[in-house]
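Worksheet: one structure, shown below.
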Amino acid sequence: MAEISQTIATPAAPPRRRFRWGRVFDHAVLILGSAFMLMPVLLALTTMSFSDVQIERQGIIFGLSDQMGANFTKAMTEKSGFTEAITGTRMLMNSFILGIGFALGKIVISMMAAYAIVYFRLRFATFAFWIIFTTLLLPLEVRILPSYEVVQGMGLTNTYTGLIVPLIASATGTFFFRQFFRSVPEEMIEAARIDGAGPVKFFIDILVPLSRTMIAAIFIIMFVFGWNQYLWPTLITTEEGLFTLVRGIKQIIQVFEGATIPEYGKGLALAVIAMIPPVAIVVFFQNWFVKGLVESEK
Amino acid sequence: MKRAGFSNPWLPVALLLPQLSIIAIFFYWPAGWAIHSSFFLQDPFGFGSSFVGLDNYTDLFGAVEYRKVAGFTVIFTLLVTFLSLAIALLLAVKADKVIRGARSYRTLLMWVYAIAPPVAGFLGIMFFQQGNGPITQFFGFFGWEFMLGVNYTDTATAMVIVSVWKQIPVNFIFFLSGLQSIPKSVQEAAVIDNNSGTSRFWDITFPLLAPTAFFLLIINITYALFDTFGVVDTLVKGEPGNNPLTLVYKVYVDGFRGNDLGGSSAQSVILMVLVLILTVFQFRLIERRIHYT
Amino acid sequence: MAKVSLQDIRKVYPNGAEAVTPSSFDIDDGELIVLVGPSGCGKSTLLRMVAGLEDITEGTLRIGDRVVNDVDPADRDIAMVFQNYALYPHMSVYKNMAYGLKNRKLPKDEIDTKVRQAAEMLNLTEFLERRPSQLSGGQRQRVAMGRAIVREPALFLFDEPLSNLDAKLRNQMRIEIRSLQRRVNVTSMYVTHDQVEAMTMADRIIVLNHGRIEQIGTPSEIYNTPASTFVASFMGAPPMNLMPATYDGAGYVRIGDKSVAVIANGAPKSDVQFGVRPENVSLTGVPKGAALPFTLDLVEELGASRLLHGRIEGHSFVVNTANTTRIPDGPTYLDIPAEAVHLFAPDTGQRLSA
């Protein structure tokens with residue numbers, strides 16, 4: 001028999017650990033990186049708490065003053081733009097309409113299409129798939145002028161429809177749901193059919209609940225994507241009443257140019273308001289967001 | 001297609017109809033129109049147009065202006081892609097290693113994803129402002145008199161920095177998820193085979209990350225070509241003037257400011273061809289990727 | 001080749017959990033030691049500490065004459081075979097095997113000779129240029145073995161190397177690994193949760209439970225004289241029958257109102273755990289001397305043998321008999337030889353009798 005001595009009771013001394021410079025270096029790199037990402041926005045926030053005159057004189061300021069609330073109020077309620085027709089509140093609302101409208105529209109339309117492609121015997125399924133797939137190749141930016149002409153021809157400029165629907169004309173969502181539906185076990189539909197579920201029942205009772213996290217993930221990505229649209233809204237909305245916050249940024253900058261003392265505080269406040277909703281949703285639903293992003297690009 | 005798929009003849013058509021009609025109206029029609037009008041010359045007063053064959057294309061390639069923009073776009077794309085990939089890779093490798101605070105680092109390094117490019121550009125304006133922008137002052141400290149919107153190189157520098165800042169999060173997220181999908185035991189086998197961390201990274205980790213990196217390469221090129229529009233537009237403050245421009249920005253300027261429909265369309269078509277080439281390239285890489293797993 | 005010695009090796013995780021209590025044992029030169037135990041018993045942690053993949057909280061680890069606690073894994077002169085093989089997916093079989101040697105700055109032709117030799121030994125020669133993804137599970141397993149062998153290490157570490165294979169392949173690889181280890185005669189540490197693997201492959205077995213060594217011994221020692229109820233029930237399939245009983249201090253154990261003769265070497269009168277291996281009892285139709293009445297519930301046919309599930313005195317009991325044994329029609333009795341009985345302390349589970 002062998003030598004056993006594991007019964008010697010030793011007091012639980014704190015684990016001896018080697019100090020590693022490598023680990024310190026790792027953290028240093030990460031802290032530096034985080035600061036690089038964080039500082040611009042943090043400084044924008046602190047600067048926003050100063051008055052326009054002070055910002056004009058000092059530029060970006062690290063510190064806190066008392067104008068934060070005032071600048072926010074100004075940004076939210078004061079009418080601005082060339083025709084003095086829009087407030088920050090209105091822009092915020094338009095941004096939400098664009099973000100949510102786009103995300104929902106995209107999800108509904110692409111889920112339906114993906115369902116048809118994956119779950120039905122369809123003679124032209126492959127053809128439909130390729131028609132949709134090709135749209136992945138050309139982002140809106142490269143066909144921006146003719147798209148504008150088409151929307152203008154339909155009289156949809158300065159409408160929410162003209163703003164949102166053309167943005168939906170790509171296949172990212174369809175692709176994403178197609179991948180997901182294909183990964184749903186075959187037995188699911190077989191069991192459902194044996195239980196007497198038709199195509200509509202199966203979709204609503206089984207597939208949609210199964211896709212819940214996927215829907216949440218894609219919603220976050222699409223919401224951020226829609227909210228952050230810039231070029232398309234710039235072209236389609238010329239009436240200030242329809243401006244989104246991101247679209248309004250350009251207006252702010254152009255007003256800066258002419259003024260003796262530009263309204264920096266208000267401009268920064270609007271920029272911050274334009275960041276808060278998408279940043280909040282990405283930070284709070286981080287896991288879904290990362291999952292959606294990584295999966296959708298596969 | 002599932003084995004036990006439904007065989008209802010009309011439902012799938014109805015399900016596909018919304019997607020297909022939106023795509024037809026807002027994708028195929030405009031794309032076709034772009035190709036079509038790239039062969040026409042628009043009457044400056046809006047009275048009809050005449051077929052000019054490839055003139056719009058030859059004009060473009062002959063124009064010094066266009067070549068300059070194309071040249072800048074190439075350099076800009078290379079810089080943005082390389083820098084944002086390199087920085088993100090470094091950060092992802094470190095974030096994958098640390099245990100303490102890993103989640104906080106992840107959040108801090110990815111949240112900028114949610115910021116719109118023009119908002120990033122606006123922050124850029126504040127930071128690169130002549131006179132009192134903090135980065136301007138920092139450069140001034142080294143004797144570099146930075147003039148955003150006036151000096152070509154300076155404006156280009158600001159564009160690159162802001163675009164890289166905005167793109168790091170996406171690359172970081174993908175690199176991190178790529179690193180996390182490398183089996184732990186493979187890393188451990190490498191630890192037993194090789195005592196140098198650096199050479200382990202290049203021998204094992206990096207090759208296993210290569211599929212992610214190739215994929216990100218395409219994503220970043222596409223980003224630098226198209227999605228930086230908002231950054232460019234804000235940093236030049238809507239005044240192209242003598243400033244550096246990207247190809248997409250020029251499509252916009254010529255089409256909407258210059259009313260040169262034919263020329264702008266020809267530029268669109270060139271970009272479409274460029275994207276197609278990139279996509280084909282990407283597919284060939286995906287095929288290669290299969291060998292790994 | 002080297003002797004390996006662990007002295008009061010202990011592992012405490014930063015969250016305070018003690019994965020391995022201070023444990024000591026030596027592995028002789030060329031010996032194959034199997035660490036066996038249920039999942040979470042600390043066997044893998046112990047192995048990974050020896051590999052250098054986990055920090056050793058306390059204790060001294062020697063490979064050969066060298067204390068290697070703070071030596072990098074690559075410099076410990078070890079080789080490891082992982083559960084999922086951990087082959088480098090982007091390298092050919094050849095490069096997988098050569099990688100460790102290349103990093104030791106061996107000359108190219110020497111590497112080539114060693115890799116080809118190992119490939120020959122493992123029947124891998126024709127696959128040298130393939131990627132791991134193009135190989136079957138058994139072939140990958142062999143590549144993992146080859147990668148370990150070419151290094152000619154002082155110590156082989158195996159972390160459940162067979163658990164990803166199907167049953168048939170597992171039996172075959174078990175024999176291959178054992179004969180290979182014999183041939184190259186390298187000291188080895190082998191972790192598994194499968195007691196059959198442990199019994200068949202080991203020179204000595206270490207049974208672990210909750211981060212503690214329960215017993216160290218040769219397979220027959222472990223089987224014949226289990227040190228505790230845990231070892232008794234973990235090693236052997238079906239496990240040893242255990243039930244509460246009373247020892248009368250005079251050579252008999254009482255179960256309910258029946259008595260069984262035991263060899264107890266003068267142990268005092270006390271409550272005990274009474275244990276008998278299912279294969280050490282015989283079934284009769286006639287009550288002789290010390291025979292216990294056995295209520296038969298179910299017969300499980302295993303081909304070469306059959307398992308009889310039933311009860312004695314209300315406690316479930318399994319008997320393993322040859323398929324030639326006739327099962328009596330009427331009441332059945334068990335004949336339990338005194339030398340087949342194991343007695344354990346009811347509270348600690350420690351072995352009482354010899």
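From a predicted model like this one, the values you see are computed outputs, not experimental measurements. Per chain, numbering begins at 1; letters A, B, ... match sequence-line order.
Looking at A/L245, neither its backbone nor its side chain comes within 4.5 Å of chain B, counting heavy atoms on both sides. Contacts of B/T279 with chain A are made by side-chain atoms alone, with heavy-atom separations under 4.5 Å and no backbone atom involved. Within the 4.5 angstrom heavy-atom criterion, no atom of A/L140 approaches chain B. With a 4.5 angstrom heavy-atom cutoff, A/V224 touches chain B only via side-chain atoms. For B/Q19, the parts lying under 4.5 angstrom from a heavy atom of chain A are both the backbone and the side chain. For a residue to count as touching a neighbouring chain, one of its non-hydrogen atoms must lie under 4.5 Å from one of that chain's; by this rule B/L91 touches chain A with backbone and side chain alike. Residue B/S177 touches chain A through its side chain alone, counting heavy-atom pairs closer than 4.5 Å. Of the atoms belonging to A/P40, heavy atoms from both backbone and side chain fall under 4.5 Å from chain B. Neither the backbone nor the side chain of B/L278 comes within contact range of chain A; no heavy atom of the residue lies under 4.5 Å from a heavy atom of that chain. For A/F225, no part sits under 4.5 Å from any heavy atom of chain B, backbone or side chain. Proximity to chain B is limited to the side chain of A/T234, based on heavy atoms less than 4.5 angstrom apart. Heavy atoms of A/A271 lying under 4.5 Å from chain B belong to its backbone as well as its side chain. Heavy atoms closer than 4.5 Å to chain B are found in both the backbone and the side chain of A/I109. Contact annotation for A/I220: neither backbone nor side-chain heavy atoms come within less than 4.5 Å of a heavy atom of chain B. In this structure, chain B has a heavy atom under 4.5 Å from the backbone of A/A197, while its side chain stays farther away. For chain A, the nearby parts of B/I115 are the backbone and the side chain; heavy atoms of each come within less than 4.5 Å. With a 4.5 Å cut-off on non-hydrogen atoms, A/M111 does not touch chain B at all. Contact of B/Y28 with chain A is made through the side chain alone, with heavy-atom distances under 4.5 Å. Only the side chain of A/F202 comes within contact range of chain B, judged by heavy atoms closer than 4.5 Å.
A/F203 CZ to B/F6 CZ: the interatomic distance, rounded to the nearest 0.5 Å, is 11.0 Å. Remark: A/T174 OG1 to A/M112 CE distance equals 10.5 Å, nearest 0.5 Å. Here the OG-CG distance, from B/S84 to B/N171, works out to 4.5 Å after rounding to the nearest 0.5 Å. To the nearest 0.5 angstrom, A/Y230 atom OH is 4.5 Å from A/K250 atom NZ. Between the CD atom of B/Q137 and the CZ atom of B/F146 there is a distance of 13.0 Å, given to the nearest 0.5 Å. In this structure, CZ in B/R103 is found 5.0 Å from CG in A/N287, a value given to the nearest 0.5 Å.
If you tally non-hydrogen atom pairs under 4.5 Å between each of A/V282, A/L268, A/V165, A/L145 and chain B, the highest count goes to A/L145. Contacts with chain A were tallied for B/F172, B/W29, B/Y113, B/Y252; B/Y113 has the most, counting heavy-atom pairs under 4.5 Å. Between chain A and the options B/V13, B/I168, B/V248, heavy-atom pairs under 4.5 Å are most frequent for B/I168. Ranking A/L167, A/V41, A/L43, A/V151 against chain B, the residue ahead of the rest is A/V41, based on heavy-atom pairs under 4.5 Å. When the candidates B/I125, B/V119, B/L271 are compared by the number of heavy-atom contacts under 4.5 Å with chain A, B/V119 comes out ahead. When the candidates B/Q267, B/K97, B/H36 are compared by the number of heavy-atom contacts under 4.5 Å with chain A, B/K97 comes out ahead. When the candidates A/L235, A/I144, A/I31, A/I221 are compared by the number of heavy-atom contacts under 4.5 Å with chain B, A/L235 comes out ahead. Heavy-atom pairs under 4.5 Å with chain A peak, among B/I25, B/D233, B/L247, at B/D233. Between chain A and the options B/D227, B/L90, B/T234, B/V251, heavy-atom pairs under 4.5 Å are most frequent for B/T234.
Listed for the A/S170 side chain is no donor-acceptor partner under 3.5 Å among the backbone atoms of A/T135. Checking side-chain atoms of B/T136 against main-chain N and O of B/Q129 turns up a donor-acceptor pair under 3.5 Å. Remark: the backbone N or O of B/L216 is paired with a side-chain donor or acceptor of B/N220 at under 3.5 angstrom. Side chain of A/N228 to backbone of A/V246: no donor-acceptor contact under 3.5 angstrom is found.
Separation of the A/F285 and A/F289 ring centroids does not fall under the 6.0 Å cut-off.
Nearest heavy-atom pair, A/S34 versus B/Y105, reported as atom, atom and distance to 0.1 Å: OG-CD2, 3.7 Å. Shortest non-hydrogen contact noted between B/M110 and A/Q286 is CE-CG, 3.2 Å.
Annotation: side-chain hydrogen bond (donor to acceptor under 3.5 Å, both in side chains) contacts involving residues 269-284 of chain A, sequence neighbours excluded, are absent.
Annotation: side chain to side chain donor-acceptor pair (under 3.5 Å) contacts of B/K166 (sequence neighbours excluded): none.
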> Checking side chain to side chain contact (heavy atoms under 4.5 Å, CB included) for the pair A/L163/A/R247: CA distance, chi angles, key distance, verdict?
Replying inline: CA-CA 12 Å; A/L163 185 61; A/R247 163 75 174 88; over 6 Å; no
